[in-house]
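Each chain gets a letter, A, B and so on, in the order its sequence line appears, and its residues count up from 1.
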Number of protein chains: 2
Amino acid sequence: MVGEFMATIRDVAKLAGVSVATVSRVLNNQGYVHEDTRKKVEQAIRQLNYKPNAVARSLYKKTSKSIGLIIPDITNPFFPQLVRAVEETMYEAGYTVLLFNSDEVLKREQHIIDLMVTKYVDGIIIVSNTIKYEHLKDLSIPIVALDRVISQEIPSVSVDNYEGARKAVRLLIGKGCKKIAHLRGPKNVFTAEERLRGYMDEMNSQGMETFVYAGNYELNTSMVETMKLLTENREIDGIFAGNDVMAVGAIKAITKLGIHIPDQLKIIGFDGIELGTVITPELSTLKQPIVQLGKKSSELLLNYINGNEKVLRHYVYQAELIERDST
Amino acid sequence: MVGEFMATIRDVAKLAGVSVATVSRVLNNQGYVHEDTRKKVEQAIRQLNYKPNAVARSLYKKTSKSIGLIIPDITNPFFPQLVRAVEETMYEAGYTVLLFNSDEVLKREQHIIDLMVTKYVDGIIIVSNTIKYEHLKDLSIPIVALDRVISQEIPSVSVDNYEGARKAVRLLIGKGCKKIAHLRGPKNVFTAEERLRGYMDEMNSQGMETFVYAGNYELNTSMVETMKLLTENREIDGIFAGNDVMAVGAIKAITKLGIHIPDQLKIIGFDGIELGTVITPELSTLKQPIVQLGKKSSELLLNYINGNEKVLRHYVYQAELIERDST
DNA sequence: TATGAATGTGTAAACGGTTACACATTACTC
DNA sequence: GAGTAATGTGTAACCGTTTACACATTCATA
């Protein structure tokens, strides 16, 4: 691998008996280089186990072959797959990813962005509800918003949460549910608001009464809230949870209460994380194409970095209804 | 934030009417700077919204305030917490983390390491069974092995899998299990081998017959294998699964067969991932101090980077027995 | 008051690459 | 065979920092 001594381009040049410019040319495969010279240089490179210094290159080129990925919290089961997809795609394109957990704290996000600017990252993928266009508009590096659209001016890759929610509700109705509650996600979170809106619109269009319960996309509060919901309102026979994690929490509560799923009560989640297939009963859900989201956002960012993408793009995917045992 | 124009140290110097050396001195808070001069410089810095260029700094200092983190796969539920803890600790110390998923493919790991060397990362934390001391010995940057010990020569932070396994088996025996099977993890994986060894030793020391079934730390194969195990050998009344994911797979299979947990069969896992508390019945397990592992490995690495740590250290944590509903 | 230490500042050379430009040489074209 | 284009190579400036060194000035001490 690499020992204490690291050869520089000058060492290679000396050994090969050429100038550094020539070495650089063979390295980057550009400009004219005589075949014999190239051979000599390649030989010297091998002999010294020379690897061009990425930092020096960055300094001159103002590019680092790395991108920043800001997510709220990798511990949230939605993100590992997303991160994996991004890392994978970027790695194949020769880019390194700098990972940051922001907890959606604006101050922290801003600090992270400043940091990345000084490191010459070539682009940023961000998942955030707190950051707004005004915080980003002066930035000179490409940014894409992932999973949430931040503003019309920032390219994005996301899922149609509204339509997905309507599909979820429609399924429950189709299965004969008469009283359908919604365990909503946190306030001011884009995806949660959209899913709530979808629920409301679909319910209203069917002339059904709505029951909305607070939640924050987390398991434990969802358990508590479900307990409350079911004791307060015993005729509820369908629950649309704001995400799979909440649905799993709800299932725990429901099971604890001795209510049978899906006979007495049907439940559906949103996201399509693995957890849903692991629990009993397996969870029906609206599956987001997580890997595709990660991949597409990476490709989009790469296109912007390379200047291929000239117009602002917003990609929207549809969530896929996956029916399993909970409905 | 940062616009198209990025001020350099020369711009600051010019505006403040001093030399770049002086600006550098106030920036790094070292050497003598007259109070009045410092004021002027700080004023200029603010005025230009100047942020020192990390890349240029790296080039000269041969340091990047970043570290590499190589894990097999972030998608494996053990890793998100670990990654979070590392990122957190590093961020607080002013370091950025470069994340890589290696799938434990040696070629890829080596390539990643080469890449990091050219990027002047200050250190590496690696989780790997494939990489060996010989691949690392020529490296001049600090490395620490996480979750697995690679060799005596590489500092490490890990868990006592052997003793943990013995504790798990002892619990099952204490609960009255007569025939205890082990769903083992993948061959040649350090943690899996240690847990197997713990199982064997504890069983043998109690004069009990052993039943070992193959597995690879994954859910689906675990389900299949459990089905096989229970049809082949109906008297099994205790299962020690190599990790929690396998335990969850086993529980699914067991539930499907209509066998009641924990009355007819008890099961215990290893890891202490969140998943275990989410399923029904909640899983008994040997909880690894995942956050501590991440934190300690980061601190250890930082100490090596800063030259504080002079002797090679191996930290070993004990897994904690957590009894829940599956036993 | 002479002298050395402490304080304050600037110049220029690194760090390790890339590339504009200049200068040769060789290959075509008519 | 002259003129032009294509090919091949080197020199040196540049990217934006840090720091060794030199040089001044001020301060303290005997």
Who passes side-chain hydrogen bond (donor to acceptor under 3.5 Å, both in side chains) against [X], sequence neighbours left out?
X      : value
B/E309 : B/N303, B/R313
B/S64  : B/S66
A/Q47  : A/Q43
A/T63  : A/D122

Enclosure of A/E193 CD (heavy-atom neighbours >12, cutoff 6.0 Å) |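 Enclosed.
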
Verify the neighbour count for atom NZ of B/K14: are there more than 12 heavy atoms of other residues, nucleotides or ligands below 6.0 Å?
->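 No.
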
[X] near the nucleic acid: base, sugar-phosphate alone, or nothing, with a heavy-atom cut-off under 4.0 Å?
X     : result
A/T37 : sugar-phosphate
B/Q30 : sugar-phosphate
B/V18 : sugar-phosphate

Looking only at non-hydrogen atoms, find the nearest pair between A/L82 and A/I290 and report the distance.
->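 A/L82 and A/I290 have their closest heavy atoms at CD1-O, 3.4 Å.
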
Can you tell me the distance, in whole Å, between the [atom1] atom of [X] and the [atom2] atom of [N]?
X      : N      : atom1 : atom2 : result
A/Y32  : D/dT7  : OH    : C1'   : 6 Å
A/K119 : D/dG16 : NZ    : P     : 17 Å
A/R38  : D/dT7  : CZ    : C1'   : 13 Å
B/R10  : D/dT17 : CZ    : P     : 8 Å
B/I9   : D/dT19 : CD1   : C1'   : 11 Å
A/Y120 : D/dC15 : OH    : C1'   : 7 Å
B/M6   : D/dG16 : CE    : P     : 8 Å
A/R25  : D/dT7  : CZ    : P     : 14 Å

Taking the nucleotide of DNA chain D with the closest heavy atom to each, which residue, B/S24 or A/G17, is nearer the 5' end?
->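 First, find each residue's nearest nucleotide; the 5'-ward one identifies A/G17.
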
Side chain of B/L27 - closest among D/dC15, D/dT18, D/dT19 =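 So the nucleotide nearest the side chain must be D/dT18.
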
Angle of first-five versus last-five pair axes in the helix from C/dT1-D/dA30 to C/dC30-D/dG1, to 10 degrees |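 Answer for the end axes of this duplex: 30°.
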
Earlier contact from the 5' end, DNA chain C, for B/G31 and B/V20 |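 The residue mapped nearer the 5' terminus is B/G31.
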
Distance flag, aromatic centroids of B/F100 and B/H111, threshold under 6.0 Å |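 Judged by ring-centre distance (under 6.0 Å), B/H111 and B/F100 do not meet the cut-off.
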
Hey, does the Lys NZ or Arg CZ of A/R84 hover above the aromatic six-ring of A/F79, less than 6.0 Å from the centre and inside 45° of the axis?
->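 No, cation not above the ring by the 6.0 Å, 45° rule.
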
Using the six-membered ring of A/Y315, assess whether NZ or CZ of A/K296 lies under 6.0 Å from its centre and within 45 degrees of the ring axis.
->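 So A/K296 does make the cation-pi contact.
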
Extract, from 5' to 3' on DNA chain C, the first and final nucleotides lying under 4.0 angstrom from some heavy atom of chain B.
->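 Range of nucleotides within reach of chain B: C/dA6 to C/dG16.
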
Taking only N and O in the side chain of B/N53, is any of them less than 4.0 Å away from OP1 or OP2 of D/dC15?
->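 Checking D/dC15 against B/N53, no side-chain N or O comes under 4.0 Å of OP1 or OP2.
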
